[in-house]
Amino acid sequence: MVVLVTAVDPSLKLKTYPDILNLQWPFDPVKASYWTNLPHHRRTPFAVSPDGQTGYLAYLDANGTGVHVQHIHPPSMTSKGPDVTIPKVYEAAGIVAHNHGFALLGNEPIPSTTSDDPPSGTDYPEGTPVPAIYRYANGKQQWKTFVAGPGVHADDGLSMAPDMNGDLVWSDDAQLYGAYFVVTDYEGWAKGHFGDSIEYVNDNGTLETIEGASNSWGCSHNTGIAFEAADQPPFASICAEDQGAIWLNTKGTGMSTGGVKISKENTTNGGGGEAMGGMSGSYSSLARFINSTSYIFTWASRGATDLTENTWMGEGYTNAANRTNGRRVAMAMFSDKETKVGAVASSEVGATSGDEQVNWVTPTAGPDRSNAHVAVFDDQYALVTYEEIAEPSCDFIAMGCGGTFTGTYYQLVDNTGNKIGQPLKSMDTYVAGDMVTLANGTICWPYVKMAWQLDQAVGGYGGAAETTTKKMSFACMSLV
Ligand SMILES: *[C@@H]1O[C@H](CO)[C@@H](O)[C@H](O)[C@H]1NC(C)=O
Ligand SMILES: *[C@@H]1O[C@H](CO)[C@@H](O)[C@H](O)[C@H]1NC(C)=O
Ligand SMILES: *[C@@H]1O[C@H](CO)[C@@H](O)[C@H](O)[C@H]1NC(C)=O
Ligand SMILES: *[C@@H]1O[C@H](CO)[C@@H](O)[C@H](O)[C@H]1NC(C)=O
Ligand SMILES: *[C@@H]1O[C@H](CO)[C@@H](O)[C@H](O)[C@H]1NC(C)=O
Ligand SMILES: *[C@@H]1O[C@H](CO)[C@@H](O)[C@H](O)[C@H]1NC(C)=O
């Protein structure tokens, strides 16, 4: 007798570890976003070593200078030491875990005695910071390599990072770190302009310039980065630019039409709707399925209508109006690091619709969704998460919205872009640091247990009160 077994899709199980980890130093969990000053979670980069023995949690000291990296025992999420402080660093923008140490992407000022150092400014009297990768083993620094600033791609102009936003990845196959980050140039043709840069550093700390992969200047006024390792450079990369598109730019590295146009977005004043989280976002937006060449990407979008000519950029580029007031969450699948599954976004001037190709995770318009992230469980299933404001007030074109927080949602999806079941809703967890897939397929991430408020700007007139904490919480999602 032949027994037919029907495959049953799994469902989600959330486990929380509230206030489990004591931080040695205070941390300010809120960061004001670009333009609106609306609150974002300040990212706490998180990674777990391949042997599963050590988790690394990075956070900026509440005084604004110095990044702490706390070593964690993953099954219990409690401290295991040695804790490391990297002084003078202004933001933690990504971490990679190894079996006996970690590499961190941060930014720090360069002494004014160095020639070609960046200018100082009111926010940065000691000099505008420059991004660097810091490699530690057994609690000791092995090397530090600047990935911009004096002497780095000098022929193309010199870059600094006043707003550190980006990500750091490591490829075991390529034996390379890749860093993708937002920059401002202070010398050269792009002086005074915001863009982005992709740089590669090898295991001994040497900056390598790789043809077709390294890039001194890519997407104009990049407002969001998604970056994931590949077996060989170029690594898988996505940018949100200020001209109206989100690009899978693995091939082409910038915003050229040689890349793949994933989505059309309404843009204004360098904003693109905070598609990948905006300020302090740019992590866990792109994930590679285990044992696979496929990737999944998630972002928040207002959709696109009424495509008009982009006279500045010319053919292949269009401006777009937003279809909705609040944002919806979308996902896209890539069969490999440079190929999108299904149609790409329209570039047709005069088209009334510019978002037919989008696979919406939240098809209904009305609420605003933000802080979209994704991680994979295995070779087949992934977790998409986002926050919701049921009745948003979106006072700024192409920026974030304010209003009462009405929950974090966790949606199970599969590698063909299907949603499975209803999303799980949680009022007291959110994603505020990297979502990490453990060896057994459980996905864990850090957050700060607090009443999350999205209705007021940070600080200033009528703004939300600044708070600091010395506790960190974790949440884990498994398939059951
Ligand atoms: C801020 O904290 C860092 C890290 O603990 C420390 O090195 C630095 O001295 C502190 N700065 C001030 C001004 O307190
Ligand atoms: C996976 O491992 C983590 C860390 O050891 C543990 O907390 C979790 O319960 C495990 N998940 C499953 C489904 O066994
Ligand atoms: C570091 O790597 C570079 C490039 O592979 C190589 O040329 C150099 O010799 C290495 N340096 C050390 C100290 O291993
Ligand atoms: C963005 O949308 C607004 C309407 O909300 C529109 O006025 C503006 O022209 C659009 N921006 C671009 C660059 O098309
Ligand atoms: C476009 O976005 C702006 C700003 O959020 C909003 O005021 C406007 O109503 C939106 N347009 C549509 C058609 O929803
Ligand atoms: C990935 O491949 C390895 C080696 O074949 C295997 O042990 C592991 O179970 C695979 N993982 C998944 C999620 O398929």
Side-chain angles (χ1 to χ4, degrees), residues 33-38 103 133 135 137 141-147 152 170-178 199-211 213-214 219-221 223 232-233 240-246 255 261 263-275 278 300-314 316-328 345-355 358 360 362-370 388-403 454-455 457:
S33 60
Y34 165 72
W35 201 268
T36 64
N37 282 331
L38 285 166
I133 301 174
R135 175 75 163 93
Q141 190 174 103
Q142 309 296 298
W143 47 259
K144 166 172 99 180
T145 300
F146 283 101
V147 287
V152 177
W170 163 258
S171 166
D172 233 8
D173 293 301
Q175 290 286 301
L176 285 172
Y177 296 98
E199 301 295 335
Y200 291 87
V201 171
N202 72 17
D203 195 30
N204 71 20
T206 307
L207 182 67
E208 292 193 8
T209 303
I210 302 169
E211 190 68 36
S214 304
C219 299
S220 169
H221 213 298
T223 55
Q232 295 301 324
E241 34 83 331
D242 66 350
Q243 294 298 312
I246 295 176
M255 53 190 287
K261 197 182 281 185
S263 175
K264 289 292 314 162
E265 301 293 331
N266 175 248
T267 56
T268 301
N269 293 319
E274 301 183 338
S301 173
R302 286 190 166 84
T305 60
D306 301 327
L307 305 192
T308 53
E309 187 180 7
N310 183 327
T311 47
W312 173 255
M313 295 298 295
Y317 300 84
T318 53
N319 291 318
N322 51 303
R323 182 182 294 282
T324 59
N325 179 35
R327 292 162 289 180
R328 294 183 284 170
S346 172
S347 301
E348 189 193 333
V349 175
T352 50
S353 177
D355 55 11
V358 176
W360 298 105
T362 59
T364 52
D368 181 64
R369 290 86 169 194
S370 59
E388 184 200 69
I389 298 172
E391 292 176 24
S393 141
C394 306
D395 303 334
F396 303 90
I397 288 171
M399 308 288 168
C401 303
L454 286 170
D455 50 351

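Remember, predicted model here, so these are calculated numbers, not experimental data. Position 1 is the first residue of the sequence; numbering continues from there. Each ligand, and each atom within it, is numbered from 1 in the order the structure gives.
- Judged by distance alone, the side chain of E309 and the main-chain N or O of T311 form no donor-acceptor pair under 3.5 Å.
- Near N202, meaning under 4.0 Å from one of its heavy atoms, ligand 3 places the atoms 1 (C), 2 (O), 3 (C), 4 (C), 5 (O).
- K264 contributes no side-chain N or O that, together with a main-chain N or O of S347, makes up a donor-acceptor pair within less than 3.5 Å.
- In this structure, the side chain to side chain contact (heavy atoms under 4.5 Å, CB included) partners of Q232, at least two apart in sequence or on a different chain, are A174.
- Counting heavy atoms closer than 4.0 Å to ligand 5, residue T324 contributes backbone atoms (N, CA, C, O) but none from C-beta onward.
- Residues that satisfy the side chain to side chain contact (heavy atoms under 4.5 Å, CB included) test with S370, not counting sequence neighbours, are R327, D368, E387.
- Side-chain contact check for D242 and T267: no donor-acceptor pair (N or O, by modelled atom type) lies under 3.5 Å.
- Residue E208 has at least one heavy-atom neighbour below 4.0 Å for each of these atoms of ligand 3: 4 (C), 5 (O).
- Residues passing the side chain to side chain contact (heavy atoms under 4.5 Å, CB included) test with E348, sequence neighbours excluded: S346, A351.
- Proximity of a side-chain donor or acceptor of D355 to a complementary backbone N or O of A304 within less than 3.5 Å is detected.
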Would you mind listing each N/O atom of ligand 4 next to any protein N/O under 3.5 Å, plus the distance?
unit_1: ligand 4; atom_1: 2 (O); unit_2: N266; atom_2: OD1; d: 3.1
unit_1: ligand 4; atom_1: 2 (O); unit_2: N266; atom_2: ND2; d: 2.5
unit_1: ligand 4; atom_1: 2 (O); unit_2: N322; atom_2: OD1; d: 3.3
unit_1: ligand 4; atom_1: 5 (O); unit_2: N322; atom_2: OD1; d: 2.8
unit_1: ligand 4; atom_1: 11 (N); unit_2: N266; atom_2: ND2; d: 2.9
unit_1: ligand 4; atom_1: 14 (O); unit_2: A320; atom_2: O; d: 3.3

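- The contact set between ligand 3 and T206, taken as ligand atoms under 4.0 Å from a residue heavy atom, comprises 1 (C), 2 (O).
- Note: Y177 OH to Y200 OH = 15.0 Å, rounded to the nearest 0.5 Å.
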